[in-house]
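For reference, the structure discussed in these notes is given below.
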Amino acid sequence: QTSSGYGSDDRWSNTYNLSSKTHELVLHEFGQTVIPGNAKHFSRSTVISQPGTRGPATYNDKVQYIQNISLLAGKEVTLSFFAKADAAKQIAVSYGQRFGDGITSDPHWDGPGTKFNLTTEWQRFSKTFTYPALLPAANLGEDHCNYIEFWFENGSISDFRTDSLGFQSGVFDIAQVQLEEGPHMSAFASRSINDTYMDCKRYFEIITVPLNTPLTMLQVLNSSTAYGSFSYFPKRKIPRSITETPIGGLNAINLSGGDAGGTVSFQSPFSSNMARIDIFGATGLNPGGISSAFSAGTTTYLLIDSELF
């Protein structure tokens, strides 16, 4: 993953600004014993600092948002993780709260950062801290959450959240991140890949529509327009967006089985697990009949996004 945002590890947003990063999931060496529990993957961020453009607003990080701010508000917690780098380097960790009212200003509270000294060998680190208690009059939106953030480089604007980490390039590996209540770290509590996958689908899902395969049936309104609905795994709330890729991959099909073309429009989802789909500009549809939305010419993917941020 070279883009800024989600894409390559479960519910971690790998973001950057005025910097550059490639993130990937890497397989542990078979038989390694440093990371316990026969771990399969770890996170690798290859950071390239940009001397020509970096400045006060530079950052390069990875962050996870934890739904429901009240779960940890006012509680002492311990974060633990394994980490190493391609040379002796530092990373920083910070924590905070976002109140999730959905407005542009996004009220939030950012805690102070702590730096950690990495070597080329895996080490386990921990940090104990307390999330602030919620004020009685706190105005929480539906996306309120706590967060944990790993920093690889930063400009002066975020010095408080990074303990003035500064600019750097490097390869940074992180494994077995765990956040738990109390002042001590415990052994990493592993979960099955299937359980993790099902949890992640509450926030984001990709539906694959294979070539020449129908997604759903459509009611034909007239010769060029049809509408219907389709379902997906229940999300934590009504999704904020449904994106078709490639654009134009889904078309209507006419009664003779031929491609009727048309442009897909996903209307605002009306529940956490169902959305309306309309097709406009098709040709040769039978008014009052039934059509289908199918993948024409290529496999089509539907990206259903209900992430916190």
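All of these numbers come straight from a predicted model, not from anything done at the bench.
Between Tyr65 and Phe309, the two ring planes are tilted [angle within 30° to 60°]. Ring orientation note: the planes of Phe266 and Phe230 are nearly perpendicular, at an angle over 60° on the 30°/60° scale.
In this structure, the side chain of His28 does not engage the main chain of Ala39 through any donor-acceptor pair within 3.5 Å. Between the side chain of Asp86 and the backbone N or O of Val171 there is at least one donor-acceptor pair closer than 3.5 Å. With hydrogens and angles disregarded, no donor-acceptor distance shorter than 3.5 Å links the side chain of Ser231 to the backbone of Asn273. When atom types are taken as modelled, the side chain of Thr225 and the backbone of Leu221 share no donor-acceptor pair closer than 3.5 angstrom. Side chain of Gln97 to main chain of Trp109: no donor-acceptor pair is present (N/O by atom type, distance under 3.5 Å, no hydrogens or angles). Within the 3.5 Å criterion, the main-chain N or O of Leu308 finds no donor-acceptor partner in the side chain of Gln67. The backbone N or O of Ala57 lies less than 3.5 Å from a partner atom in the side chain of Asn17, making a donor-acceptor pair. Within the 3.5 Å criterion, the main-chain N or O of Ser186 finds a donor-acceptor partner in the side chain of Glu180.
His23 and Ser43 are linked by a side-chain donor-acceptor pair at a separation below 3.5 angstrom, with hydrogens and angles left out of the test.
Between Gln90 and Asp163, the closest side-chain pair of non-hydrogen atoms is not below 4.5 Å. At least one side-chain heavy atom of Phe294 sits under 4.5 Å from a side-chain heavy atom of Asn212.
For an aromatic pair to be called close, the ring centres must be under 6.0 Å apart, and Phe152 with Phe150 fails this. Not less than 6.0 angstrom separates the ring centroid of Tyr6 from the ring centroid of Phe204. Between Trp122 and Phe81, the gap from one ring centroid to the other reaches at least 6.0 Å.
Ion pair Arg191/Asp10 not flagged as a salt bridge, since none of the NZ, NE, NH1 or NH2 atoms sits closer than 4.0 Å to an Asp/Glu carboxylate oxygen. A salt bridge links Glu307 to Arg11: one of the charged nitrogens lies within less than 4.0 Å of a carboxylate oxygen.
Remark: Phe280 CZ is packed, more than 12 non-hydrogen atoms of other residues, nucleotides or ligands lying under 6.0 Å away.
The side-chain tip of Arg276 points at the ring of Tyr227 from less than 6.0 angstrom away and within 45° of straight on.
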